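Working notes, beginning with the structure itself.
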Amino acid sequence: MFIGIDVGGTNTDAAIVGKNDIISIKVPNEEGLGGIFSRLRKFELEKSRVVVSTSLPLNLLLSRASQHPTCTILIPGPGLNYSGKGKVIRGFVNHRGDIVEDIDVDEVEKVLRNSGFSNVAIASKFSVRNAGIENRTFEIASKYYDTECIALSHHVGGMIYPYRINTTIVNAKIKKTVHQLTETIKGFVGDFFYYKGDGGIIPYRIALNNPSELYNSSPAAVAIGAYFLTREKDALVIDIGGTTTDFVVIENGMPKINEGVEILGGKTLVRCVDSFSIPFGGDSTVENGKLLPERRGKSVAFGGENLTLTDVLNAEGYEIGDYRSSRKAASNADSAAIIEHFVEMVVRGIESLEAERVILTGYLAEYFSKMISKKAGVSTIVPEHSEAVNAVGVAVSRISLTVYTRFDTESGKAIFNGVLEESPFRQGSLPSDEEMIAEAERKLLSITKEYGYDIDEKVKVIYFNSYTVVRGGIKRGKIADIIVQIEPGVSRELIER
Amino acid sequence: MKTGIIYHKKYLEHEQSPTHPERKERLAYTMDQLIEEGIFDNPAIELIEPVEATIEDVLEVHTKEYVDFLIRESKKGGFIDWDTNIPVGVFEIARLAAGGAIRAAEAVLEEEVRNCFAMIRPPGHHAKPYIGAGFCYLNNIAIMIRWLQKRGIEKVMILDWDAHHGDGTQEIFYDDDNVLFISTHQMPLYPGTGFPYECGTGRGEGFTINIPLPPGTSDEGYMMVIEEVIKPVAEEFHPDFIAVSAGQDNHFTDPITGLALTARGYAEIMQETVKLSDKYCNGRLVAVLEGGYSVESALPYTNLGIIAAMAGMDISCIREPLNYLPELKYRKKEVALRKLEDNIGDVKKVHSKYWKCFS
């Protein structure tokens with residue numbers, strides 16, 4: 001079975017996707033993870049693939065980033081000036097991945113002795129070609145800080161040093177929280193996967209080193225879930241949640257991805273689904289005849305004290321929760337106008353994206369479907385289980401791993417994600433491009449197997465460049481940079497049925 | 001305003017032969033460095049796609065006979081000289097390089113960007129109207145300048161700081177008083193020309209200035225040339241556009257030359273050039289990549305230095321890794337500075353009848 005859990009701002013949703021059926025559960029966050037897992041116990045957790053999406057807690061943590069000051073240690077060597085981003089120290093890894101200037105241990109210690117920081121980010125230029133000096137700096141830093149509070153840039157993966165620095169800082173700030181969360185979840189389920197912002201899933205051990213990948217994953221989950229439930233390959237998904245309404249476009253069955261997402265005011269190497277939100281949802285407050293972009297608590301229909309969008313829907317004749325209390329509370333409100341206003345905002349979103357086909361999800365979807373369809377002149381679909389579309393998306397996504405490979409046969413190196421390993425090619429040999437790509441693909445599949453995921457997914461080559469190294473007029477070897485990836489999407493065993 | 005970079009992945013594909021110094025590997029390490037530094041993602045930088053130069057643009061500089069020869073030989077592979085053979089398909093890539101230079105000039109002229117670095121291959125400054133030479137097929141910078149002249153730019157100042165004399169460019173503009181060609185180059189070295197007495201002909205007399213550099217000339221020597229020759233002449237000529245033949249084979253690790261410029265030195269001379277462009281021509285400046293064969297130790301740092309200086313970035317951390325510095329000790333020669341003073345004296349003497357600043 002495939003179990004997806006999405007920890008939202010107010011509720012945690014779970015979906016259990018079996019051979020022929022889908023069961024969904026919603027639990028308020030007050031009950032904690034224990035609440036959701038105790039309800040899931042009857043679904044054979046050990047035999048299921050469990051995936052957790054936690055983007056909202058992480059987003060919240062990052063909104064209070066100043067409470068987690070980071071000691072940023074940079075090892076850029078020659079090039080542009082990075083002193084505005086952190087403390088620059090001696091040392092340099094060059095473009096070939098050779099350590100040509102070493103770190104000065106005393107200098108590192110001196111930086112670390114400065115107090116007032118709660119975590120450490122360490123980033124050397126070209127660390128993805130050689131993580132050596134980052135690892136040495138880490139060893140020194142671990143004398144001063146818990147290892148869960150230290151993030152290294154080579155775990156981020158890609159090139160573009162300034163973005164890698166920013167990503168490493170984000171990782172440093174959230175790493176400890178993700179560690180603690182992981183321990184808690186492991187206590188309930190053992191092995192599990194995390195859900196990424198681009199809609200793929202990764203083994204929790206990979207996420208521990210690069211937790212920024214978990215950032216803002218809900219829109220991806222909504223998009224993948226909506227596609228899985230409807231099999232509509234091209235549509236706009238509108239998810240009406242409690243506090244926001246999110247818009248995500250799916251093209252050819254996949255949400256569009258934004259590269260270089262900005263977090264904490266700086267561009268990072270994080271990839272996220274392209275989406276936008278309006279700050280209104282079912283729990284948005286209604287006051288003085290107006291819909292306000294804030295949630296003060298539960299709707300009257302669900303035992304709260306604040307009049308909300310959900311309550312005015314009840315006032316207009318719907319029967320959601322304790323609709324009688326809603327109607328009493330909303331007796332003075334101009335319910336029709338408020339609903340009309342909300343529908344108009346949604347329609348504007350549809351028009352800005354020039355969508356023709358709309359999938360509506362969230363627990364209010366069925367109530368708004370006709371109004372939105374009529375007003376926008378588009379066809380709308382409300383899939384079954386639409387209230388748990390996010391959790392369904394989390395459950396059904398496929399493992400998505402990326403391997404950054406560099407082969408340098410002149411120096412006899414093979415580097416996978418910044419880690420030097422034994423090269424499959426003899427030093428000085430001149431393998432063909434095809435042979436090099438095949439080795440990178442083999443590596444990716446072997447990592448997938450290592451994490452117990454023994455299913456053939458299609459590997460895509462997303463970058464390839466190679467050239468011959470010539471010294472003294474003689475070919476001395478060949479260099480290739482290869483990025484291979486199992487793309488995000490719905491797990492093959494689920495899509496084929 | 002931004003700094004443009006002209007680049008196309010096809011520029012990486014050109015190889016005369018897999019072991020020729022002007023090969024694919026030349027820009028590969030530079031691209032690594034620029035990508036890692038975030039240059040292509042920097043808000044101060046605009047990456048611009050080149051287009052192929054038209055045959056008409058090429059014919060403004062080169063003879064029809066040579067162009068026909070190049071088209072024909074480029075189909076089956078051929079030969080120009082010992083340094084320069086004609087690999088199959090080179091004409092298209094050479095047109096893309098010349099077109100890259102034109103696109104750079106256009107981007108500056110149309111104010112899409114403030115200035116622009118055409119990071120193109122193959123290079124061009126040895127190519128003459130009637131024949132290619134010295135790794136060059138089409139004279140990119142000359143084709144660009146003819147294009148600019150047709151669009152109303154009158155006076156262009158060329159700074160050719162490649163370690164080799166830009167004999168092709170000199171020949172093309174030798175009789176043109178609207179194009180001031182200033183070349184600094186190691187002497188003696190290929191192609192053997194570039195003496196101070198080669199100073200132009202007819203109306204162009206005095207508008208070719210050759211400053212030979214002795215082996216071992218260092219950052220200080222280049223600064224001396226800028227202060228003593230380039231700045232005063234620029235003041236008097238008052239260019240409408242500055243074009244740099246940015247060869248990077250003067251770096252102290254270059255395997256086929258003997259000069260001793262550092263990466264910081266490159267950034268600094270480009271910074272001075274940017275200042276001249278600000279002073280005389282509203283910042284209009286295009287740098288066109290020429291030679292440079294220290295692919296691993298120099299080019300990543302010198303190309304970055306040039307781009308950083310053009311974009312007005314902080315160049316205080318531009319340098320080469322410390323492990324190369326012992327080589328500088330053997331390259332840099334104090335005696336070269338005294339010889340250079342002497343050479344500059346010769347240049348001023350030759351040009352004293354053309355330029356008030358030297359009389």
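Here is how names work: the chains are called A, B, and so on, in the same order as the sequence lines, proteins then strands, and each is numbered from 1. Computed from a predicted structure; not experimentally measured.
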| query | Who wins among A:G79, A:G472, A:S83, A:G473 for the most heavy-atom pairs under 4.5 Å with chain B? | reply | A:G79

| said: Quick check on the interface: out of B:I318, B:N323, B:D314, B:D41, who has the most heavy-atom pairs with chain A under 4.5 Å? | reply: B:D41

| said: For A:F126, which atoms come within 4.5 Å of any heavy atom of chain B: side chain, backbone, both, or neither? | reply: both

| query | Which answer fits B:E15, side chain, backbone, both or neither, if we ask what part of it has an atom under 4.5 Å from a heavy atom of chain A? | reply | neither

| task | Could you tell me whether B:F91 and B:Y137 have their ring centroids closer than 6.0 angstrom? | result | no

| query | Who wins among B:R264, B:E320, B:E25 for the most heavy-atom pairs under 4.5 Å with chain A? | reply | B:E25

| said: Heavy-atom cut-off 4.5 Å, strictly under: side chain, backbone, both or neither for A:V469 against chain B? | reply: both

| chain B contacts, top residue of A:K125, A:R164, A:H95, A:M159 (heavy-atom pairs, under 4.5 Å) | A:H95

| said: Does B:F79 have more than 12 heavy atoms from other residues, nucleotides or ligands lying within 6.0 Å of its CZ? | reply: yes

| said: At a 4.5 Å cut-off on heavy atoms, which part of B:I39 comes close to chain A: side chain, backbone, both, or neither? | reply: side chain

| request: Would you please indicate yes or no on a ring centroid separation below 6.0 angstrom for A:Y161 and A:Y82? | output: yes

| query | Who among A:F92, A:Y467, A:Y163 has the most heavy-atom pairs with chain B under 4.5 Å? | reply | A:Y467

| note | Okay, B:R23 and chain A: the region with an atom under 4.5 Å from a heavy atom over there is side chain

| query | By a 4.5 Å heavy-atom criterion (distance strictly below it), what part of A:R90 contacts chain B: side chain, backbone, both, or neither? | reply | side chain

| Pair B:Y301 and B:H251, ring centroids less than 6.0 Å apart | no

| said: I'd like to know which of B:L34, B:I35, B:N42, B:D32 tops the heavy-atom pair count under 4.5 Å against chain A. | reply: B:D32

| A:D98/A:K413 salt bridge by N-O under 4.0 Å criterion | yes

| request: Let me know if B:P300 has heavy atoms under 4.5 Å from chain A in its side chain, its backbone, both or neither. | output: side chain

| query | Nearest heavy-atom pair of B:D162 and B:G291: which atoms, and what distance? | reply | OD2-N, 2.8 Å

| Residue, of A:V128, A:V470, A:N465, that accumulates the most heavy atom pairs under 4.5 Å with chain B | A:V470

| query | Angle class for the B:Y7/B:F40 ring planes (parallel below 30°, perpendicular above 60°, tilted otherwise)? | reply | tilted

| task | Find the distance between OH (B:Y190) and CZ (B:F135) and round it off to the nearest 0.5 Å. | result | 8.0 Å

| message | Report which part of B:L304 has an atom under 4.5 Å of a heavy atom belonging to chain A: side chain, backbone, both, or neither. | response | side chain

| Does a side-chain N-to-carboxylate-O contact under 4.0 Å join A:E410 and A:R96? | yes

| field | A:K267 atom NZ, neighbour heavy-atom count above 12 within 6.0 Å | value | no

